[in-house]
Chemist: 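Let me give you the structure first, and then I'll get to my questions.
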Protein chains: 2
Amino acid sequence: MVNSTPSPLQNLQQAGLRLTPQREAIYALLTETDSHPTAAEIYEILKPRFASLSLATVYNTLETLVNLGIINALGGAGDSQTHYDADTSPHVNLACLACNTIVDIPSTLVQEIHQEVSQNSGFKVLGARVLYYGLCPTCQAKETTPNR
Amino acid sequence: MVNSTPSPLQNLQQAGLRLTPQREAIYALLTETDSHPTAAEIYEILKPRFASLSLATVYNTLETLVNLGIINALGGAGDSQTHYDADTSPHVNLACLACNTIVDIPSTLVQEIHQEVSQNSGFKVLGARVLYYGLCPTCQAKETTPNR
DNA sequence: TTCTAAATTTAGAATTATTATAAATAAAAT
DNA sequence: ATTTTATTTATAATAATTCTAAATTTAGAA
């Protein structure tokens, strides 16, 4: 029998785009981590393995994957950088304003909101960012005075 | 009898900050509009009334108000600018990727998610951005091919 | 009222994430 | 093989935001 769960990367070829080593590595990195890295972080991680890698390629690839709908771009995690997430299912992102980490939280309510918005707004809903922010348990322990 | 509904701006003075004409005008503008303006838009609107107004002051004030929790900063509306919202109650923001307008949608589900996240995550939740994006009815009619 | 210290505004410079450009490379099609 | 198209790459350009330092305003003390 053939491969049972095809990679979303195959959407690339179906769209007439090429599955290059850079694109494969960037997407694989996103699926294997839960750290919601930025473009710069992805670049730093992959540079040892791809000596010629350019930061522009990372940005290009991320934009391509976002347009294909197989990854999501998350903004506003306390820093001023865009974070990327290979989990495109409806879920809550919870960001710590102190250490800028983002964790995922599954929630059935998010899916209900999705339906609610789609049905009542008249919009053609293409995606969502449900982002909560605050202080993670670790940073709560460290800082008595949260932020200012 | 005294003023019945105190302005959230009084939080400024309670925090030892000053209620300057610039701060008053910026906050008033935000409460009187439902257009979720950017810093640059606020600056352009208020410049005729405050000849000496600086864009830096707009940014400073918006940061101050966000830190006080009386306005929210919204990112990721399709453009690369931060939009500001004087409505800090839990609600859904729905952005059109084509014309970059943002509309508010009340939703009881958002408040439920808020509780769910607060209770299950261990985070100290300080705020949220529930942003859906897509195409508004007007832009759906205009564009047959959405974006790229 | 005047003085003093702190807060605020302001103009402009600096920063920086992201995008655009154009040449080089790689892959697919003919 | 050759041609065409897609992609990568280095670098320049863009633009939103932040920083800096001087000028101004304010609140309260003297």
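The chains referred to below are lettered A, B, ... by the order of the sequence lines, with proteins before strands, and numbering in each begins at 1.
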Chemist: Once you apply the 3.5 Å cut-off to both distances, tell me the Watson-Crick or G-U wobble partner of D:dA30, or none.
Modeler: C:dT1

Chemist: So, the side chain of B:Gln140 versus the backbone of A:Gly122: is there a donor-acceptor pair under 3.5 Å, distance only?
Modeler: yes

Chemist: Starting from C1' on C:dT10, measure out to CD1 on B:Ile26 and report it in whole angstrom.
Modeler: 13 Å

Chemist: With a 3.5 Å distance limit and no angle check, can you tell me whether A:Arg129 reaches the backbone of B:Arg129 through a side-chain donor-acceptor pair?
Modeler: no

Chemist: If I take atom CG in residue B:Asn67 and atom P in nucleotide C:dT8, what distance separates them, rounded to the nearest angstrom?
Modeler: 12 Å

Chemist: For atom CG of B:Asp104, is the number of surrounding heavy atoms from other residues, nucleotides or ligands below 6.0 Å larger than 12?
Modeler: yes

Chemist: Whether the side chain of A:Thr57 engages the backbone of A:Leu53 through a donor-acceptor N/O pair (distance < 3.5 Å, no angle test) should be reported.
Modeler: no

Chemist: Quickly work out the A:Glu41 CD to C:dA17 P distance and round it to whole Å.
Modeler: 11 Å

Chemist: I want to check one thing: is the phosphate of D:dA16, taken as OP1 and OP2, less than 4.0 Å away from some side-chain N or O of B:Ser80?
Modeler: no

Chemist: With a 3.5 Å distance limit and no angle check, can you tell me whether A:His83 reaches the backbone of A:His36 through a side-chain donor-acceptor pair?
Modeler: yes

Chemist: Give a yes/no on whether any side-chain N or O of B:Thr20 is located under 4.0 angstrom from OP1 or OP2 of C:dT9.
Modeler: yes

Chemist: Separation of B:Ile42 atom CD1 from C:dT9 atom P, in whole Å?
Modeler: 14 Å

Chemist: Consider the side chain of B:Ala56, meaning its heavy atoms from C-beta on, and name the nucleotide among C:dT9, D:dA10, D:dC19 that approaches it most closely.
Modeler: D:dC19

Chemist: Which whole-number value in Å describes the distance from A:Tyr43 OH to D:dT9 P?
Modeler: 9 Å

Chemist: Does a side-chain N or O from A:Thr57 land closer than 4.0 Å to OP1 or OP2 of D:dT9, or not?
Modeler: yes

Chemist: How many whole angstroms separate atom CG of A:Leu62 from atom C1' of D:dT7?
Modeler: 15 Å

Chemist: Quick one: A:Gln81 CD to C:dA17 P, roughly how many Å, whole number?
Modeler: 5 Å

Chemist: Does the side chain of A:Tyr59 get closer than 4.0 angstrom to OP1 or OP2 of C:dT18 through an N or O atom?
Modeler: yes

Chemist: What is the nucleic acid contact for B:Thr38, judged by heavy atoms within less than 4.0 Å: base, sugar-phosphate only, or nothing?
Modeler: nothing

Chemist: Check if the side chain of A:Arg18 and the base of D:dT5 share a donor-acceptor pair of N or O atoms closer than 3.5 Å.
Modeler: yes

Chemist: Whole Å only: how far is the CG atom of B:Asn60 from the P atom of D:dA16?
Modeler: 17 Å

